[in-house]
Amino acid sequence: GQEDAEGMKVKLALIGFEARIVTAEVNGVIFYRVRVGPYAQIEDMNRVRSRLAENGIEASVVRQR
């Protein structure tokens, strides 16, 4: 929920990432997504993903439209 998202945002800040929370409604349920980026270069995105993984944070890549 929102509290989990806020906690993740704080955890990301502690390891040096500025994140934002985005809400999405799926089948009437509100989801709170925590996002970092965007990154223009795939190398930057891969570096960030590795850093997140080292800190036990699972990340999915989302393309910007």
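Members clustered with Y39: M8, L12, I15, F17, I21, I30, Y32, V34, V36, I42, M45, V48, L52, I57, V61, by chain and number, using a 4.5 Å side-chain heavy-atom cutoff among hydrophobic residues. Clustering of Ile, Leu, Val, Met, Phe, Trp and Tyr by side-chain heavy atoms under 4.5 Å joins V29 with V26, F31.
Listed by first and then second residue, the salt bridge (Lys or Arg N to Asp or Glu O under 4.0 Å) pairs that reach into residues 40-55 are D44-R47, sequence neighbours excluded. Within the structure, no pair that satisfies the side-chain hydrogen bond (donor to acceptor under 3.5 Å, both in side chains) test touches residues 1-26, not counting sequence neighbours.
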